[in-house]
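I have placed the structure first, in the form of structure tokens, so that the comments after it can refer back to it.
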Amino acid sequence: MPLSSPHALDSSAVLAWYDLHARDLPWRVSPADRRTGVKPDPYKIWLSEVMLQQTTVAAVKSYFVRFTSLWPTVFDLANAPLDSVLREWAGLGYYARARNLHACAVTVVRDHGGVFPTSSVALQSLPGIGAYTSAAIAAICFDEPVAVLDGNLDRVLARYYALSVPVRDAKEQLRAALQVAVPHRAGDFAQAMMDLGATICAPRNASCLICPLQPGCMAAREGNPLLYPIKPAKAERPVRKGHAFVMLDAAGDVYLQSRPGKGLLAGMTEVPTSEWSADLVDPIYPLPANWRHRGQVVHIFTHFRLELEVWSAVVPPEGLDGGWWSEPALLGGEALPTLFRKVLAAAGLDG
DNA sequence: AATGCGGGGTA
DNA sequence: TACCCAGCATT
């Protein structure tokens, strides 16, 4: 399935569009500043790129500002306790990213004197930095002429070539087609293509009349660009059910514990729960008490839907092991993922 | 090559 | 509701 278009990908047209319409983002050096010699800070580009993995710009902005305020350099982040990094990451999702972020900072300080490697190949050996992120950092910070292929580019290129198969079945062909189009301004080109995908060639709206790539775009020529990219068959989302137990002591403090270091929500904070299974079984309470049903919480993960029945009770402070008691007013500072903030809210706590 | 891994914005 | 987002690590 060769890719074909009567026009090569016109990087000059894309750059000209970017010079006029670049998004203003907290981690970005504008094309105008870039031309005067301003260089992006690799630390901030790296941090933003990790946060942006499978995460929207809107969700990332406040986290990015918070992180750079707390830890302005890679040395600050490397010296921070992992626990505090996980706490600040809480709510952003994909928590392995936070662990890898900290591990990467430690590696850069210990093995590279606090200076990020400048090639995409070297960058990709660092924790949490894969094919996309290594290329993005190398292009944006150092103008390495490398193809930067993310979800936006998948969509833009699938439309440009009217790709008749799902993107995952033609990834390397798309990469090769993009690679030959990378211009001297490799960093601006990468950001331009992503901006184009985010604004003009969007998932549910394609503004072909103002698109700099329209002259060669096969999907635009066909007349229905939203037909692309072709979706692979979707698996349906199973349901898992269980119980969550919110325990309060006489002072009103709530019992919390840490999740295991691997797997779902690894290392994050939770309240005790039952096993999660396809069929709801009767609750087995952690302690005998006057348990009260406080309602149900529904939470959607990528690969399953979770329904938790929320129970609460006042319990004696002994008989529990491995966790700690937290004042309700301090819950905001705990590494609680959104699921357990919902559970606490159902039990009448702010979360 | 396929799977596990969050959460929110948006239509 | 369903989709999709500046993907990576593991198997």
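Quick note on labels: first sequence line is chain A, next is B, and so on, each numbered from 1.
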**Request:** Produce a footprint string for nucleotides 4-11 of chain B: one letter per nucleotide, 5' end first; B if the base is under 4.0 Å from any protein heavy atom, S if only the sugar-phosphate is, - if neither.
**Result:** SBBBSBB-
**Request:** Would you mind telling me which residue lines up with the more 5' stretch of DNA chain C, Ser48(A) or Lys262(A), judged by nearest nucleotide?
**Result:**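 The residue whose closest nucleotide sits nearer the 5' end is Ser48(A).
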**Most 5' of Arg23(A) and Gln124(A) on DNA chain C, judged by nearest nucleotide** =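 Looking at the nearest nucleotide for each, Arg23(A) comes out on the 5' side.
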Is it the case that more than 12 heavy atoms not belonging to [X] sit under 6.0 Å from its [atom1] atom?
X	atom1	value
Arg66(A)	CZ	no
Asp111(A)	CG	yes
Leu209(A)	CG	no

**Message:** Reading DNA chain C in the 5' to 3' direction, which nucleotide is the first one with an atom under 4.0 Å from a heavy atom of chain A, and which is the last?
**Reply:**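 For DNA chain C, the relevant span reads dC3(C) to dA9(C).
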**Request:** Could you work out the separation of dT11(C) and dG6(B) based on their P atoms and round it to a whole Å?
**Result:**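 dT11(C) and dG6(B) have their P atoms separated by 16 Å.
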**Asked** Using atom C1' of each nucleotide, how far apart are dA6(C) and dT3(B) to the nearest Å?
**Response**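 My reading of the C1' atoms in dA6(C) and dT3(B) gives 22 Å.
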**Prompt:** Do the side chain of Ser134(A) and the main chain of Leu123(A) share a donor and acceptor less than 3.5 angstrom apart?
**Reply:**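 No; zero donor-acceptor contacts below 3.5 Å.
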**Prompt:** Of Arg34(A), Arg28(A), Arg185(A), which is the lone residue that meets side chain to side chain donor-acceptor pair (under 3.5 Å) with Gln191(A)?
**Reply:**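 Exactly one option meets the side chain to side chain donor-acceptor pair (under 3.5 Å) with Gln191(A), and it is Arg28(A).
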**Message:** Parallel, tilted or perpendicular, judged at 30° and 60°: which one describes the rings of Trp311(A) and Tyr285(A)?
**Reply:**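 Judged by the thresholds at 30° and 60°, the geometry between Trp311(A) and Tyr285(A) is perpendicular.
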**Message:** Under 4.0 Å between a side-chain nitrogen and a carboxylate oxygen: does that hold for Lys171(A) and Asp154(A)?
**Reply:**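 Yes, Lys171(A) and Asp154(A) are salt-bridged.
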